[in-house]
Amino acid sequence: MRKTTAKHLTNDNEGIAAAVRFLNDGRLVAFATETVYGLGADARDGQAVARIYDAKGRPQFNPLIVHVQDFDTAQRYGVFDAQAAQLAAAFWPGPLTLVVPLATGHGLSPLVTAGLGTVGIRVPAHPLARQLLAAFDGPIAAPSANPSGRISPTTADHVLAGLSDRIDAVLDGGPCPVGLESTIVGGAPLALLRHGGLAQNDIEALSGPLAAAGPDIRAPGQLASHYAPR
Ligand code: AMP
Ligand code: MG
């Protein structure tokens with residue numbers, strides 16, 4: 001691991017351009033989303049994605065969420081049935097992650113999905129995250145920008161406090177407006193895999209009652225230890 005101090009990038013064209021250069025070089029850039037700060041890397045670049053797991057100290061069986069700019073782009077990576085498409089139409093951009101089967105020819109690093117046949121995808125609503133995704137024009141794998149087992153960061157300073165010497169940059173979009181991780185649903189029948197920033201009731205108003213996640217723990221983020229602050 002390189003010993004550096006992460007660059008603090010500002011919320012302007014220059015900051016976004018610098019973030020894109022880092023991503024194109026396979027480096028790690030934390031960035032603001034409406035939920036929490038994400039630790040981003042090019043989701044197609046296995047070495048870059050491996051750096052995320054290293055920097056966080058995250059076990060490689062815990063898959064990462066892929067962030068994309070819109071639903072059309074999401075369909076390159078995942079297969080959305082009618083129900084998933086309906087939820088995407090209703091709640092994207094926003095704090096909802098949909099776990100769906102991988103699309104043929106998706107091009108994502110198998111590390112992103114921890115070798116599963118499914119992928120967690122989200123279109124974030126934060127204007128800075130959206131500008132970054134548009135400028136990068138590719139899928140960004142991004143778990144929360146904290147060392148594994150610590151609390152998820154909602155400011156750039158919070159990111160730097162945990163990861164400054166392990167990442168290349170943080171793109172500062174101010175405090176995260178939601179401050180909670182995304183709600184995750186997936187599977188058939190559709191199940192709630194993780195509680196988060198979108199209320200279960202709002203989803204169920206469209207989907208009907210969500211099943212509880214099975215004992216197979218399809219979303220490792222729901223392990224009790226995931227939220228344990230040191
Ligand atoms: P984080 O971004 O750190 O909040 O963690 C992402 C979480 O998304 C993981 O811990 C899983 O719970 C969930 N996730 C991502 N991809 C998948 C997938 N393919 N199947 C099930 N859960 C997933
Ligand atoms: Mg996390």
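Read the numbers this way: they start at 1 and go in the same order the structure lists the ligands and their atoms. Just so it is clear, the model here is predicted, and its values are computed rather than measured.
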Novice: Considering only heavy atoms of E181, which atoms of ligand 1 have at least one such atom less than 4.0 Å away?
Specialist: 4 (O)
Novice: What are the two closest heavy atoms between G174 and Y37, and how far apart are they?
Specialist: O-OH, 2.7 Å
Novice: Taking only heavy atoms of S144, which atoms of ligand 1 are found under 4.0 Å from at least one of them?
Specialist: 1 (P), 2 (O), 3 (O)
Novice: Which is it for L87 and I203 under the side chain to side chain contact (heavy atoms under 4.5 Å, CB included) test, yes or no, and what are the steps along the way?
Specialist: CA-CA 7 Å; L87 293 176; I203 300 169; 4.0 Å; yes
Novice: Please could you name the atoms of ligand 1 that L116 approaches to less than 4.0 Å, counting only its heavy atoms?
Specialist: 18 (C), 19 (N), 20 (N)
Novice: Are F136 and I16 side-chain neighbours, meaning at least one heavy-atom pair lies under 4.5 Å?
Specialist: no
Novice: Within the 4.0 Å heavy-atom shell around G120, which atoms of ligand 1 are there?
Specialist: 16 (N), 19 (N)
Novice: Can you check whether R58 has an N/O within less than 3.5 Å of an N/O in ligand 1?
Specialist: yes
Novice: Looking at the Mg ion (ligand 2), is one of the N, O or S atoms of S148 less than 2.8 Å from it?
Specialist: no
Novice: With atoms numbered from 1 as shown, which atoms in ligand 1 lie under 4.0 angstrom from a non-hydrogen atom of T118?
Specialist: 18 (C), 19 (N), 20 (N)
Novice: Does the distance from a Lys or Arg side-chain N to an Asp or Glu carboxylate O, for R44 and D42, drop under 4.0 Å?
Specialist: yes
Novice: Considering only heavy atoms, does I184 approach ligand 1 within less than 4.0 Å through its side chain, its backbone, both, or neither?
Specialist: side chain
Novice: Taking only distance into account, with no hydrogens and no angle test, what donor-acceptor pairs under 3.5 Å do side-chain atoms of residues 121-129 form with protein atoms, sequence neighbours excluded?
Specialist:
{"unit_1": "R122", "atom_1": "NH1", "unit_2": "E34", "atom_2": "OE2", "d": "2.7"}
{"unit_1": "R122", "atom_1": "NH1", "unit_2": "G94", "atom_2": "O", "d": "2.8"}
{"unit_1": "R122", "atom_1": "NH2", "unit_2": "T33", "atom_2": "OG1", "d": "3.2"}
{"unit_1": "R122", "atom_1": "NH2", "unit_2": "T35", "atom_2": "OG1", "d": "3.3"}
{"unit_1": "H126", "atom_1": "ND1", "unit_2": "L128", "atom_2": "N", "d": "3.0"}
{"unit_1": "H126", "atom_1": "NE2", "unit_2": "G173", "atom_2": "O", "d": "3.4"}

Novice: Below 4.0 angstrom from a heavy atom of I65, which ligand 1 atoms are there? Numbered from 1 as shown, please.
Specialist: 2 (O), 6 (C), 8 (O)
Novice: Could you go through residues 95-107 and list every donor-acceptor pair under 3.5 Å that involves a side-chain atom there, pairing it with any protein atom two or more places apart or in another chain?
Specialist:
{"unit_1": "T97", "atom_1": "OG1", "unit_2": "S182", "atom_2": "OG", "d": "2.8"}
{"unit_1": "H106", "atom_1": "ND1", "unit_2": "L108", "atom_2": "N", "d": "2.9"}

Novice: Taking all non-hydrogen atoms of both residues, which atom of A55 and which atom of L28 are closest, and how far apart?
Specialist: CB-CD1, 3.7 Å
